[in-house]
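Okay, structure first, notes after.
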Amino acid sequence: MNNIPAYNPQSIENKWQKHWDETHAFEASASHDKPKFYGLVEFPYPSGAGMHVGHIKAYSGLEVVARKRRMEGYNVLFPMGFDSFGLPAENYAIKTNTHKWTQWIFLKLFEHGLVFRAKTLVNYCPHCKVVLSNEDSQGGKCDVCHSDVVQLPKDVWYLRITQYADKLLEGLDTVDYPESIKQQQVTWIGRSTGAFVDFALDGVQEKLEIYTTRPDTLFGVTFMVMAPEHPLLDKYKDRVTNWNQVEDYREQCARKTEFERTQLQKDKTGVKLEGLEAINPVNGKKIPIFIADYVMMGYGTGAIMAVPAHDQRDWEFAKKFGVDIIEVIEGGDIEKEAYTGDGKMVNSEFLNTYDNKKDSIQAMLDFLEKKGIGKKGVQYKMKDWAFNRQRYWGEPIPLIHCPKCGTVGVPYDQLPLTLPDVENFEPGQDGQSPLARIDSFVNCTCPKCGGPARRETDTMPQWAGSSWYFLRFVDPHNDQAFASMDEMKYWMPVDWYNGGMEHVTRHLLYSRFWHRFLYDIGEVNTPEPYAKRSYQGLILGSDGEKMSKSKGNVVDPLDIVSLYGADTLRLYVLFMGDYTAAAPWNDDSVKGCKRFLDRVWRLMEMLTDDEGIRADMAFDVHSCIKKVSEDYEKMKYNTAIAAMMTLVNALYAKGSVSKAELLALVKLLNPVAPHITEEINQLCKLSEGDLMYAAWPKYDEAALVKDTVEVALQVNGKLRGRMDVPADLGRDDANDYFLALDEVKKLIGDKTVRKLIFVPGRLVNIVVG
RNA sequence: GCGGUAGUGGCGGAAUCGGCAGACGCCUCAGACUUAAAAUCUGAUACCCCCUGGGUGUGCGGGUUCAAGUCCCGCCUACCGCACCA
């Protein structure tokens with residue numbers, strides 16, 4: 001073909017983007033007659049510093065699949081977090097009125113008893129006057145001003161996600177997530193089974209309830225430990241003779257942040273309660289009680305039975321405080337360290353007949369239940385979801401505090417509750433929300449009794465909207481419901497969700513929780529929101545470090561687009577390595593990708609009048625179709641692109657390309673580099689209409705079979721040459737075939753052939769000796 | 001400490017079930033074209049040696065096998081997640 005213009009990415013890309021805008025090319029069809037594909041990519045955080053090459057990788061990866069699906073005849077929904085002006089998700093939320101529905105779902109949770117309020121200690125910076133998350137108060141210092149963080153009691157709204165712990169665990173068996181993601185969810189939920197056991201206190205009415213996963217070791221209990229915050233303690237103020245010491249220790253602990261208590265886990269500290277003892281329910285022995293901060297109030301009952309012989313933490317504490325250590329399971333050396341393995345029971349009366357954990361745990365559970373002093377129990381590491389923030393920019397919590405009626409939900413017909421205009425974004429006093437100082441917002445009437453009442457002034461966390469946004473996309477303009485059941489039945493679940501590894505615990509758990517709740521109350525049609533989840537690896541700076549402004553190694557995607565074009569950028573981020581692995585940016589490799597697109601462009605100069613795929617190119621073209629089709633499905637974009645490079649190299653070696661060959665190539669490449677391939681298709685009139693709707697190419701199985709194939713020739717496992725053999729040579733005929741060949745005879749010489757192994761299509765190995 | 005993932009040339013990375021290690025790209029070198037350069041095209045490119053050949057090589061040490069990057073045993077290192085969870 002003559003008169004090929006130069007490849008000018010900028011003008012081609014502008015042209016096609018305009019065309020796509022005008023033709024609404026990416027809009028999903030409203031009709032439900034085709035099979036659907038719903039692909040979703042996690043939105044970048046609006047608070048983040050603009051666009052980032054990592055976002056390009058996240059989106060273009062799944063977009064390849066979405067585009068392939070479209071060419072395969074699917075109705076494709078693939079929403080984008082940025083609109084055409086590059087504005088983030090918040091605009092989309094305002095446009096589609098999603099706020100009302102976030103509040104609506106919250107009220108449903110409230111109605112179903114999944115919202116509750118509790119006082120708790122929070123990290124607070126007296127200087128900045130804000131409540132800090134654990135992440136923002138590392139080392140007990142405020143992340144912003146480095147002042148000392150203090151613990152402040154505060155009312156917190158919680159969502160009862162723990163009630164859904166088992167459902168969230170079970171749901172994992174029904175979805176296609178990578179093992180590493182499932183594992184993180186399981187760890188985060190942290191389910192353990194064990195027993196609650198009551199220990200009587202000597203001379204006192206109350207009992208001390210503990211949780212243990214090792215009821216089999218009850219005969220080895222030599223002391224008890226209570227968390228310093230344990231509420232039962234105050235009752236024994238008069239009985240404990242060293243109460244001053246106890247008070248001192250409790251104060252010390254209160255000053256420590258959660259961070260210090262959990263991260264600086266070196267030395268065990270604690271105080272013995274003098275004058276108060278517990279009684280081991282299985283043998284009646286009196287044992288001492290300590291308070292120590294290695295026991296957390298937030299897990300189990302806030303008190304433990306200590307078995308120093310078989311728990312390393314208890315062992316360390318017992319060594320330091322001189323408490324007895326009694327072995328009840330044989331197999332370790334308890335002088336050196338706690339033994340946590342399995343073995344024969346000793347010193348345990350009726351359990352001594354057992355030689356393994358499983359049986360002795362069961363026997364002990366039976367005993368405890370019969371005696372009425374304990375029962376089987378389950379605990380989770382996952383905590384209920386603290387759901388309020390003291391920020392202005394957040395979804396208002398639609399609750400009203402009425403002095404007569406208590407907490408009342410805002411009536412549904414008054415939704416959405418909107419944020420008032422505010423001049424002052426500074427936080428309120430003592431960790432209050434900025435909204436608390438706006439009387440016109442706070443003061444209201446109770447919807448129940450009509451009396452004066454006050455609005456809740458805290459707002460919801462960012463996680464709220466992201467917990468259900470994907471539902472809105474299937475029916476964004478609906479003002480009767482967040483989405484109609486008809487649309488959800490067609491589009492849900494999300495077929496494929498791609499995102500970063502950093503969101504696989506919280507965001508994924510939270511959104512699965514909301515979705516499962518909506519399913520349980522009949523508002524959505526699937527128990528799980530995402531059928532499949534994948535992730536992409538980070539793009540590192542060219543220095544191999546994580547990209548950050550301070551290191552000056554951030555690559556702006558727009559720079560790459562203006563230098564080489566969007567197609568090159570997409571091609572590069574998908575070619576740079578294993579999609580799921582982190583890889584450093586390399587400017588030279590970007591140029592290599594541009595070079596490949598130049599070579600594809602110049603194929604037009606070699607275009608012949610041949611219509612079909614030529615016989616001597618059939619193998620190359622069809623094996624490329626097979627490889628690319630399969631690799632896209634597995635997100636192995638790097639090897640798919642390598643296969644296309646190989647095909648282009650073969651066409652260059654041949655010096656010409658037929659229309660059908662070029663069409664096959666541009667179709668395969670279209671999902672990765674949509675602009676250049678549309679342009680080539682149009683210039684060469686390869687197919688009618690836009691390439692993005694053309695049928696995905698199919699490979700011909702027969703074209704993949706060759707007459708002869710090259711195999712490696714090995715003697716005693718060492719490579720000694722390569723040779724072509726008939727493709728249909730079978731194992732049975734291999735001995736006769738190979739041993740008759742001169743080059744084989746030469747290699748064997750006068751040695752005896754002991755064995756001949758032939759792997760068709762791969763190699764022949766002759767064992768001689 | 002626990003859980004997960006990984007370790008392959010100068011670099012990014014390939015390699016279905018155990019079957020030719022290093023696909024593809026980058027870098028580098030050589031040649032062609034050019035007054036010259038760029039661009040482009042062609043070729044070379046793991047390492048070592050006594051170089052028409054041979055030897056060594058996939059974090060380290062063992063093992064299984066005709067055959068090991070891949071499987072088994074024992075380690076080392078890096079990254080990610082969780083972390084005094086009883």
Side-chain angles (χ1 to χ4, degrees), chain A residues 178-188 190-192 194 210-214 217 225 227 261-268 292-296 298-307 310-314 316-317 379-383 501-502 504-505 537-538 540 542 544 546 571-572 575-578 580-593 595-596 598-599 602 627 630 634 636 638-646 648-649 652-653 655 710-722 754-769:
Chain A
E179 210 39 55
S180 56
I181 292 182
K182 283 190 184 182
Q183 198 52 52
Q184 278 195 37
Q185 297 242 313
V186 169
T187 308
W188 192 267
R191 184 182 203 271
S192 82
I210 60 96
Y211 175 73
T212 179
T213 55
R214 296 295 306 275
T217 60
V225 186
R261 257 181 85 164
T262 57
Q263 307 288 312
L264 309 174
Q265 44 175 289
K266 288 173 224 151
D267 243 2
K268 295 281 180 292
D293 67 357
Y294 81 93
V295 173
M296 306 290 151
Y299 183 81
T301 64
I304 62 152
M305 61 177 220
V307 186
H310 304 291
D311 181 289
Q312 189 58 26
R313 294 152 303 179
D314 298 344
E316 283 162 20
F317 193 88
Q379 282 291 297
Y380 304 94
K381 287 185 197 174
M382 181 171 68
K383 304 228 165 58
M501 212 46 196
E502 66 274 17
V504 303
T505 45
L538 282 180
L540 305 172
S542 45
K546 213 168 167 171
L571 182 74
Y572 173 65
F575 180 64
M576 61 194 298
D578 179 345
T580 62
W585 184 268
N586 184 311
D587 282 321
D588 282 331
S589 290
V590 181
K591 286 183 209 159
C593 287
R595 195 174 297 157
F596 169 66
D598 283 330
R599 279 166 71 83
R602 284 198 309 272
K627 178 79 177 152
E630 290 171 355
K634 294 183 278 188
K636 300 189 77 171
N638 55 337
T639 49
I641 292 164
M644 290 184 278
M645 288 172 167
T646 304
V648 170
N649 289 346
Y652 268 71
E710 194 190 65
V711 297
L713 178 55
Q714 293 183 343
V715 176
N716 285 347
K718 300 247 182 223
L719 183 66
R720 284 294 177 268
R722 296 184 169 90
R754 302 208 184 276
K755 206 171 174 183
L756 185 144
I757 296 119
F758 176 56
V759 184
R762 301 243 179 227
L763 56 72
V764 56
N765 185 14
I766 301 162
V767 186
V768 299

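In the text below, chain A, chain B and the rest are named by the order of the sequence lines, each starting its count at 1.
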Val711(A) vs Tyr211(A), nearer the 5' end of RNA chain B by closest nucleotide: Val711(A)
Nearest heavy atom decides the nucleotide; on that basis, is Asp598(A) or Thr213(A) closer to the 5' end of RNA chain B? Asp598(A)
Between [X] and [N], is there a side-chain N or O to OP1/OP2 distance below 4.0 Å?
X: Tyr299(A); N: A86(B); result: yes
X: Arg602(A); N: C41(B); result: yes
X: Lys182(A); N: G81(B); result: no
X: Arg595(A); N: U40(B); result: yes
X: Asn638(A); N: A14(B); result: yes
X: Asn586(A); N: C27(B); result: no
X: Arg720(A); N: G55(B); result: yes

Assign [X] to base, sugar-phosphate, or nothing according to its heavy-atom contacts below 4.0 angstrom with the strands shown.
X: Gly592(A); result: sugar-phosphate
X: Ala582(A); result: sugar-phosphate
X: Lys636(A); result: sugar-phosphate
X: Val767(A); result: sugar-phosphate
X: Asp314(A); result: nothing
X: Glu179(A); result: nothing
X: Arg191(A); result: nothing
X: Lys627(A); result: nothing
X: Met501(A); result: nothing

Give me the distance, rounded to whole Å, that separates [N] from [M] when you measure between the [atom1] atoms they each carry.
N: A46(B); M: G69(B); atom1: C1'; result: 15 Å
N: G22(B); M: A6(B); atom1: P; result: 22 Å
N: U58(B); M: C11(B); atom1: P; result: 16 Å
N: A15(B); M: A32(B); atom1: P; result: 38 Å
N: C26(B); M: U35(B); atom1: P; result: 28 Å
N: A36(B); M: C27(B); atom1: C1'; result: 25 Å
N: G1(B); M: U8(B); atom1: P; result: 24 Å
N: G61(B); M: C79(B); atom1: C1'; result: 24 Å

Of all the nucleotides listed ([options]), which has the minimum atom distance to the side chain of [X]?
X: Tyr294(A); options: C84(B), C41(B), G12(B); result: C84(B)
X: Pro584(A); options: C66(B), G12(B), C24(B); result: G12(B)
X: Met645(A); options: A23(B), C66(B), G25(B); result: G25(B)
X: Ser589(A); options: C26(B), G55(B), C41(B); result: C26(B)

Strand partner of [N], provided both Watson-Crick or wobble distances fall under 3.5 Å:
N: A36(B); answer: none
N: C47(B); answer: G55(B)
N: G10(B); answer: C26(B)
N: C20(B); answer: none
N: G3(B); answer: C80(B)

Taking side chain as C-beta onward, heavy atoms only, is [X] less than 4.5 Å from [Y]?
X: Ile766(A); Y: Leu713(A); value: yes
X: Gln379(A); Y: Thr213(A); value: no
X: Arg191(A); Y: Val186(A); value: no
X: Val648(A); Y: Met645(A); value: no
X: Ile304(A); Y: Thr212(A); value: no
X: Leu756(A); Y: Asn765(A); value: no

With a 3.5 Å cut-off and just heavy-atom distances, do the side chain of [X] and the base of [N] make a donor-acceptor pair?
X: Arg762(A); N: C20(B); result: no
X: Lys381(A); N: C82(B); result: no
X: Asn765(A); N: C66(B); result: yes

What form does the base of [N] take, syn (within 90° of 0) or anti?
N: C27(B); answer: anti
N: C26(B); answer: anti
N: G57(B); answer: anti

So, does [X] use its side chain to make a donor-acceptor pair with the main chain of [Y] at under 3.5 Å?
X: Glu316(A); Y: Asp267(A); answer: no
X: Tyr572(A); Y: Asn586(A); answer: yes
X: Tyr652(A); Y: Arg599(A); answer: yes

Euclidean distance, atom [atom1] of residue [X] to atom [atom2] of [N] [Å, nearest integer]:
X: Glu502(A); N: U5(B); atom1: CD; atom2: C1'; value: 16 Å
X: Asp578(A); N: G13(B); atom1: CG; atom2: P; value: 8 Å
X: Gln714(A); N: G19(B); atom1: CD; atom2: P; value: 12 Å
X: Trp188(A); N: A83(B); atom1: CH2; atom2: P; value: 6 Å
X: Asn649(A); N: C26(B); atom1: CG; atom2: C1'; value: 14 Å
X: Gln185(A); N: G81(B); atom1: CD; atom2: P; value: 15 Å
X: Arg599(A); N: C24(B); atom1: CZ; atom2: P; value: 12 Å
X: Glu710(A); N: G19(B); atom1: CD; atom2: C1'; value: 14 Å

Are Lys268(A) and Tyr294(A) in a cation-pi setup, meaning NZ or CZ lies under 6.0 angstrom from the ring centre and within 45 degrees of the ring axis? yes
